[in-house]
Amino acid sequence: MNPNGSLFFPAQSSTLAPEVDGLFNFILYLSIIFFILVVGGTFYFAWKYRKKGKDDFTQDLSHNNTLEVLWTVIPTILVFIIFVWGFKTYLKMNVPPDNSMEIKVTGQKWFWTFNYPEGATTTNELVVPVHQPVRLLLSSRDVIHSFFVPNFRMKMDVVPNRYTETWFEATEPGEYNLFCTEYCGKGHSEMIGKVKVLSASEYKNWLASAANAGADMKPEELGAKLYKDKACFTCHTIDGNPLVGPTFKGVFGRTEKLTNGQTIKVDENYIRESVLEPQAKVVDGFQPVMPTYQGVLKDKEIDALIAYFKTLK
Ligand code: CUA
């Protein structure tokens, strides 16, 4: 285990990381050795057999049995080692252990949603217990994304209309970066998150409180939390500046011109519709790129967002 990372890698924080790095380093050092042998040999022979005079001819060579056997057998053995090592690791990475817990991951432009067995949901933050295999069942609601946690040496494409799976077992509590690593449009570089690894008991407490999050909050407080947690801020500011979408400052009660030429006064129904069916009435001057939050936000949470918007004067 390397807790601090190396020149090429961040710290190893999953059970698979040492194996992946081991194979990487083996191939890297092997390549360096052969680079030196081949390039060094090329220069050496170019110098050794350079033409020294007008009548200086190098004697013709046809072949050398010993050399030919050596440079066939040794690389074959090395390639075979790489194959067996790689295949074993590949199998291990692709078959989740039987005692895995399962978390559903949904990628969409441009955030991640995580659904836990007990009904808890998080956005852009995956919370897991340490020393517990976790199977991820991944799917996309729009284009191809890719789920990448460098510390775990884990990466899996997230594809629309089908599930992909992968798994990991975190070995150290802490916070790790999560990236989308498949170019998925304008907000790709902001499709980032965290993996939070907790101890088993911390995780149990977290899960219990996350399952009824916001129960003890005022609606507008919950709305403010959701604005942050569900990554609304990626596209909508609250300071009056438009981003990918219109600003939320003063949004409630505002009269907006729509792309179809009509105008509309922003009320509870318009907000609700725009959350669930974003393409129904798009504000003039903006692209119809917002994803639906159907299945992401509960009715109570949409109410909370509306309450929050009312406070953004
Ligand atoms: Cu999602 Cu890039």
Side-chain angles (χ1 to χ4, degrees), residues 5 8-10 13-14 16-17 20 24 93-94 96 102-116 120-128 134-168 170 174-197 210 225-237 241-248 274-279 282 286-297 301 305:
F8 297 108
F9 291 123
S13 312
S14 80
L16 283 167
V20 174
F24 176 89
M93 289 174 93
N94 277 273
E102 190 175 286
I103 296 176
K104 175 88 184 41
V105 181
T106 308
Q108 69 193 94
K109 292 192 251 177
W110 286 284
F111 60 98
W112 301 101
T113 309
F114 304 102
N115 290 291
Y116 302 81
T121 307
T122 57
T123 304
N124 284 347
E125 188 177 70
L126 171 62
V127 184
V128 294
V134 178
R135 174 177 184 254
L136 299 178
L137 190 63
L138 311 109
S139 69
S140 165
R141 299 183 88 150
D142 38 47
V143 298
I144 301 178
H145 303 275
S146 190
F147 188 91
F148 181 35
V149 184
N151 284 86
F152 297 166
R153 312 293 189 266
M154 177 190 67
K155 179 153 78 175
M156 182 48 70
D157 277 3
V158 183
V159 183
N161 297 320
R162 61 172 292 181
Y163 294 111
T164 49
E165 68 164 345
T166 186
W167 75 279
F168 65 92
E175 268 195 16
Y176 305 102
N177 291 319
L178 155 67
F179 299 103
C180 176
T181 177
E182 180 74 49
Y183 182 66
C184 55
K186 202 173 172 182
H188 162 70
S189 61
E190 279 161 59
M191 196 166 167
I192 44 184
K194 291 264 176 231
V195 180
K196 211 171 177 178
V197 179
K225 187 174 175 321
L226 290 167
Y227 170 75
K228 217 174 111 246
D229 289 355
K230 303 294 173 189
C232 309
F233 61 85
T234 322
C235 300
H236 302 276
T237 67
N241 292 312
L243 285 178
V244 177
T247 180
F248 285 156
S274 298
V275 167
L276 300 176
E277 283 177 65
Q279 264 63 276
V282 178
F286 295 95
Q287 296 295 316
V289 293
M290 173 158 160
T292 175
Y293 279 72
Q294 191 108 45
V296 178
L297 290 169
E301 295 175 321
L305 277 171

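Each ligand, and each atom within it, is numbered from 1 in the order the structure gives. Just so you know, residue 1 is the first one in the sequence shown, and it goes up from there. Computed from heavy atoms alone, side chains included, the values below leave out hydrogens, waters and symmetry copies.
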Does the shortest distance from atom 1 (Cu) of ligand 1 to an N/O/S atom of S146 fall below 2.8 Å?
no
Is H145 close enough to atom 1 (Cu) of ligand 1 that one of its N, O or S atoms comes in under 2.8 Å?
yes
Atom of H188 closest to atom 2 (Cu) of ligand 1, considering N, O or S atoms
ND1
Under 3.5 Å, is there a donor-acceptor pair linking the side chains of T166 and K155?
no
Would you name the N/O/S atom of E182 that lies closest to atom 2 (Cu) of ligand 1?
O
With rounding to the nearest 0.5 angstrom, report the CE to CG distance, M156 to L137.
11.5 Å
Can you confirm whether F168 sits close enough to V149 that some side-chain heavy atom of one is under 4.5 Å from a side-chain heavy atom of the other?
no
Where atom 2 (Cu) of ligand 1 is the vertex, angle from C184 SG to C180 SG to 10°:
120°
Taking side chain as C-beta onward, heavy atoms only, is F114 less than 4.5 Å from V127?
no
Apply ring-ring contact (aromatic ring centres under 6.0 Å, His included) to residues F111 and Y293 and explain how you reach the verdict.
CA-CA 11 Å; F111 60 98; Y293 279 72; 5.1 Å; yes
